[in-house]
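A short write-up of the structure that comes next.
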Protein chains: 2
Amino acid sequence: MIDFSSDRPVHWQLADIIGADIAAGRVKPGQVLLSETRLMQQWELGRVAVRQALGVLRGEGLVDTVKCEGSYVRRQAPLDRVAVQGPVEVTVRMPSPEERKDLNIPEGVPMFVIKEPRKRSRTLSADRTVLVWAGEDRVASEEH
Amino acid sequence: MIDFSSDRPVHWQLADIIGADIAAGRVKPGQVLLSETRLMQQWELGRVAVRQALGVLRGEGLVDTVKCEGSYVRRQAPLDRVAVQGPVEVTVRMPSPEERKDLNIPEGVPMFVIKEPRKRSRTLSADRTVLVWAGEDRVASEEH
DNA sequence: GCCCATTTGTCCGTATGTATA
DNA sequence: TTATACATACGGACAAATGGG
């Protein structure tokens, strides 16, 4: 499966393979992937390449690596629908490590920054949130 | 500056240091950072630690690494103000490598997914875009 | 055009610490 | 206690692209 003569780096190839497995549902959300060592053996790669591949998948938000346990396929968190009422300006960026900790945002997940006039910005983890311009006078955040 | 006896990993410490330099403007947008080798010498770290630190900064969208040149402090792209009209649903996620390529999105930058009723989703690089709900019937994207 | 130093990208191997089962 | 597994580091090596002489 891995083509060592390809000009596509092997850790990208491995990330492609695992990502395709996830997309196809061959490994399901919440399920743990093979360990680094198993992946090294199965694909005949070094540890660095395997870790780089997992790093790519974390960066894409597809998996979540837990120390001393393994890398899990990320569960699709139930979405909070957050309604906003204009005029609003919305930007998005990656959180700093501190913001990740404060807002409980996993690695590879961006962050909403919502600026309403005369208010200070609201920040929301983007993997749990769908932003809705309702046009109605409901601004509540529907917690599930 | 780097505390090897700290329980905070050295590559995080280095990312903190460089990130603080960027935030304070001691290195300016468009400017190139010291090379990996220089950073290794200056901070007495191995290459892996230096690369991990740069990887952290890329993941935060602070720097952009160009092969055979160096890591540059990312220029703040001039923002396109994109006006939307309700009802609209906005989600955000990290692009896949293919989408990054297609939409010309740098590493560490998330992507808007804008779903308007009866239309197919629009995707926009989030580092160039500020989303505005104006409440008016103007849906144009004001290119600068 | 060519050489050469620089710089990052891509790999390998090895080692230690630490949390989990 | 033992085995497993990941996190953090070190070292080395070669390839590929860039830019200056």
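In this text, all values refer to a predicted model and were calculated from it rather than measured experimentally. In what follows, chains are A, B, ... by sequence order, proteins preceding strands, each numbered from 1.
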List the steps and the verdict of side-chain contact (heavy atoms from CB on, under 4.5 Å) for L131(A) and I114(A). CA-CA 10 Å; L131(A) 218 58; I114(A) 304 169; 3.7 Å; yes
Within residues 66-75 of chain B, those residues having any heavy atom closer than 4.0 Å to DNA chain C are V66(B), K67(B), C68(B), E69(B), G70(B)
Decide yes or no for T37(B) and Q41(B): does some side-chain heavy atom of the first lie under 4.5 Å from some side-chain heavy atom of the second? yes
Tell me, do K115(B) and V130(A) make a side-chain contact under 4.5 Å, heavy atoms counted? no
Can you name the residues that form a side-chain hydrogen bond (donor to acceptor under 3.5 Å, both in side chains) with R47(A), not counting sequence neighbours? E36(A)
Looking at DNA chain C, which of residues 39-58 of chain B put a heavy atom within less than 4.0 Å of it? R47(B), R51(B)
Covered region of DNA chain D, 5' end to 3' end, by chain B [heavy atoms, under 4.0 Å]: dT8(D) to dT18(D)
With sequence neighbours excluded, residues passing side-chain contact (heavy atoms from CB on, under 4.5 Å) with N104(B): none
Describe, as an angle rounded to 10 degrees, how the axis at the first end of the helix from dC2(C)-dG21(D) to dA21(C)-dT2(D) is tilted relative to the axis at the last end, five pairs per end. 10°
I'd like to know whether CD of E44(B) has more than 12 heavy-atom contacts from other residues, nucleotides or ligands below 6.0 angstrom. no
Checking one residue: L14(B). Which other hydrophobic residues are in its cluster under the side-chain 4.5 Å linking rule? M1(B), I2(B), F4(B), V10(B), I17(B), I18(B), I22(B), V27(B), L33(B), L34(B), L39(B), M40(B), W43(B), L45(B), V50(B), L54(B), L57(B), L62(B), V63(B), V73(B)
Can you run down the salt bridge (charged side-chain N to carboxylate O under 4.0 Å, His left out) pairs that involve residues 10-24 of chain B, sequence neighbours left out, and say none if there aren't any? R8(B)-D16(B), D21(B)-R26(B)
Least distance between heavy atoms, P110(B) atom then P95(B) atom: CA-CD, 4.1 Å
Can you find a heavy atom in the side chain of V90(A) that is under 4.5 Å from one in the side chain of F112(B)? yes
Report the residues that fulfil salt bridge (charged side-chain N to carboxylate O under 4.0 Å, His left out) with D102(B), sequence neighbours left out, ordered by chain and then residue number. none
Linking directly or through intermediates, with side-chain heavy atoms under 4.5 Å: list the remaining ILVMFWY members grouped with M111(B), chain and number order. L103(B), I105(B), V109(B), V113(B)
Boundaries of the chain A footprint along DNA chain C (any atom under 4.0 Å from a heavy atom): dT10(C) to dT20(C)
Which distance, rounded to the nearest 0.5 Å, do you find between the CZ of R51(A) and the CD of Q52(B)? 7.5 Å
Which residues end up grouped with Y72(B) if you chain together Ile, Leu, Val, Met, Phe, Trp and Tyr wherever their side-chain heavy atoms are less than 4.5 Å apart? V32(B), V66(B)
Hey, is R128(B) close enough to D80(B) for a salt bridge, meaning N to O under 4.0 Å? no
